[in-house]
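Side chains are part of it too, since the values below use all heavy atoms of this structure and drop only hydrogens, waters and symmetry mates.
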Amino acid sequence: TSGIGVTVNETLDPASPNYRWVDQGIVLQSVPNRDHWNAIDPAIVEDDDGNAWMSFGSFWEGIKLVKLDPDLVRLAEPQEWHSLAKRPRNPLAADASAGDGAIEAPYIFKKDGWYYLFVSFDKCCRGMDSDYKIMVGRSQSVTGPYIDKDGKAMLEGGGSLVLAGTGDWVALGHNAAYTFDGQDYLVFHAYETADNALQKLRILPMAWVDGWPVVDPADLNRFSTELLGSGPAKDD
């Protein structure tokens with residue numbers, strides 16, 4: 001049983017008198033024995049016509065896309081759903097298990113007339129046994145079909161590798177992509193081998209070659225993070 005909810009705030013300034021997160025309730029929920037997907041990992045993208053879409057899911061049974069109401073706190077009516085990506089899965093695996101079909105954490109990024117669907121393959125959150133990796137496909141429509149570099153549809157298990165684990169970072173995944181001051185960046189969590197696979201935030205520059213995102217794995221060690229603060233200041 002998983003659910004995606006939303007809260008709304010009029011400002012992001014915590015010092016403002018109207019800084020207050022207001023719960024809007026559940027947007028959608030997955031129900032055991034009804035849904036073979038689970039409602040996790042939401043991300044919002046706006047299409048070229050100004051419509052808002054939420055990608056999500058799903059660990060097993062693939063990545064979904066659903067259209068949102070213009071108020072962004074509920075599904076559009078009539079509802080419009082699409083399947084974007086999935087991986088072949090052993091049909092003998094229990095319904096509640098991803099088996100060998102684990103895929104989750106979608107993020108759609110618009111670039112030069114294309115929608116790029118980033119996803120994470122395999123498993124996170126298992127320490128040194130994690131094998132998360134970041135994959136991508138692209139489409140000229142937000143609803144797909146998304147195709148990888150080799151022309152394979154992501155609905156048929158396709159996906160081109162962006163980043164995988166290294167000796168120093170055992171697993172990489174659950175990414176987002178942003179543009180700051182004209183530079184694109186890939187944002188994700190990585191599991192550092194030297195720290196017993198503790199999850200850490202990594203933000204690496206992302207280039208483009210022949211219309212596909214490229215991130216240099218050497219940047220995992222080239223850039224370091226600095227702890228700026230450990231919490232609110234205290235009066236002594």
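- R87 forms a cation-pi arrangement with F121, by the criterion of a distance under 6.0 Å to the ring centre and an angle within 45° of the ring axis.
- Inter-residue side-chain proximity for T1 and S30 is flagged as unmet; no heavy-atom pair is nearer than 4.5 Å.
- Here salt bridge (Lys or Arg N to Asp or Glu O under 4.0 Å) pairs that include residues 37-59, with residues two or more places apart or in two chains, are D48-K110.
- Following chains of ILVMFWY side-chain contacts shorter than 4.5 Å, one cannot reach Y132 starting from I103, and the two form parts of different hydrophobic clusters.
- Shown here are the ring-ring contact (aromatic ring centres under 6.0 Å, His included) partners of W169, two or more places apart in sequence or in another chain: there are none.
- Cluster membership check: M206 does not share its hydrophobic cluster with V45, using side-chain heavy-atom separations under 4.5 Å among Ile, Leu, Val, Met, Phe, Trp and Tyr.
- When the shell of 6.0 Å around CZ of R126 is examined, it contains more than 12 heavy atoms from other residues, nucleotides or ligands.
- Between the side chain of S139 and the backbone N or O of P145 there is at least one donor-acceptor pair closer than 3.5 Å.
- Through chains of ILVMFWY side-chain contacts below 4.5 Å, Y19 is grouped with L12, W21.
- Minimum interatomic distance between N175 and A177 (heavy atoms only, all atoms of both residues): ND2-N, 4.4 Å.
- Annotation: side chain of E77 is not in contact with side chain of D69 (no heavy-atom distance under 4.5 Å).
- Hydrophobic side-chain contacts under 4.5 Å tie I26 to no other Ile, Leu, Val, Met, Phe, Trp or Tyr residue.
- Looking at heavy atoms from C-beta onward, T166 lies out of side-chain contact with N221 at the 4.5 angstrom threshold.
- Applying the ring-ring contact (aromatic ring centres under 6.0 Å, His included) rule to Y107 yields the partners Y178; only residues at least two apart in sequence or on another chain are considered.
- Side chains of K111 and D184 form a contact here, defined as non-hydrogen atoms less than 4.5 Å apart.
- No donor-acceptor pair under 3.5 Å is formed between the side chain of E104 and the backbone N or O of G62.
- V136 and P213 make their closest contact through CG1-CG, 4.0 Å (heavy atoms, listed as atom of the first residue, atom of the second, distance).
- When side chains are defined from C-beta on, I108 counts as touching L84, because their heavy atoms get closer than 4.5 Å.
- Between P106 and L117, the shortest heavy-atom contact is CB-CD1, 3.9 Å.
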- Message: Walk me through whether S120 and K133 qualify under side chain to side chain donor-acceptor pair (under 3.5 Å).
- Response: CA-CA 6 Å; S120 295; K133 56 185 66 69; over 6 Å; no
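- Residue V6 belongs to a hydrophobic cluster whose other members are I4, V8, V27, L28, W37, I44, M54, F56, V66, L68, L72, V73, L75, W81, with links defined by side-chain heavy atoms closer than 4.5 Å.
- The minimum heavy-atom distance between P205 and V215, with the atom names listed, is O-CG1, 3.9 Å.
- The minimum heavy-atom distance linking V170 with A197 is given by the pair CG1-CB, 4.1 Å.
- When the shell of 6.0 Å around CG of N33 is examined, it contains 12 or fewer heavy atoms from other residues, nucleotides or ligands.
- For Y191, the ring-ring contact (aromatic ring centres under 6.0 Å, His included) partners at least two apart in sequence or on another chain are H189.
- Distance CG/L65 to CH2/W53: 5.5 Å, rounded to 0.5 Å.
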- Message: Does K67 form a side chain to side chain contact (heavy atoms under 4.5 Å, CB included) with Q79? I'd like the steps, not just the answer.
- Response: CA-CA 7 Å; K67 192 174 185 180; Q79 294 185 18; over 6 Å; no
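- Every residue two or more places apart in sequence or in another chain was checked for a ring-ring contact (aromatic ring centres under 6.0 Å, His included) with W212, and none qualifies.
- Applying the salt bridge (Lys or Arg N to Asp or Glu O under 4.0 Å) rule to pairs touching residues 30-39 yields nothing, sequence neighbours excluded.
- Residues S141 and T143 bring a donor and an acceptor atom of their side chains to less than 3.5 Å of each other.
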Mind listing the side-chain donor-acceptor pairs of residues 146-158 below 3.5 Å, one per line with the distance, residues two or more places apart or on another chain?
from : atom 1 : to   : atom 2 : distance (Å)
Y146 : OH     : V142 : O      : 2.8
D148 : OD1    : D150 : N      : 2.9
D148 : OD1    : G151 : N      : 3.1
D148 : OD1    : K152 : N      : 2.9
D148 : OD2    : G159 : N      : 3.0

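- Atom NZ of K64 and atom OG of S83 lie 3.0 Å apart (nearest 0.5 Å).
- Considering CG of L198 and CE of M128, their distance stands at 12.0 Å, rounded to 0.5 Å.
- Closest non-hydrogen pair, Q29 versus S2, comes out as CG-O, 3.2 Å.
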- Item | Trace of the side chain to side chain contact (heavy atoms under 4.5 Å, CB included) decision for L204 with F223 | CA-CA 8 Å; L204 304 186; F223 297 103; 4.0 Å; yes
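- You'll find the side chain of V162 reaches within 4.5 Å of the side chain of F118, heavy atoms only.
- Counting Ile, Leu, Val, Met, Phe, Trp and Tyr side chains that sit under 4.5 Å apart, directly or through other members, V209 shares a hydrophobic cluster with V214.
- Counting only residues at least two apart or in different chains, salt bridge (Lys or Arg N to Asp or Glu O under 4.0 Å) contacts with residues 198-223 comprise E192-K200, D195-K200, D216-R222, D219-R222.
- For the 3.5 Å distance criterion, the side chains of N18 and S16 qualify, holding a donor opposite an acceptor.
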- Task: Please lay out, stage by stage, how Q140 and W114 fare under the test side chain to side chain contact (heavy atoms under 4.5 Å, CB included).
- Result: CA-CA 5 Å; Q140 291 186 306; W114 292 92; 3.4 Å; yes
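- E61 places a side-chain heavy atom less than 4.5 Å from the side chain of K86.
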- Dump the intermediate steps for side chain to side chain contact (heavy atoms under 4.5 Å, CB included) on Y115 and F109, then the final yes or no. CA-CA 6 Å; Y115 296 89; F109 181 70; over 6 Å; no
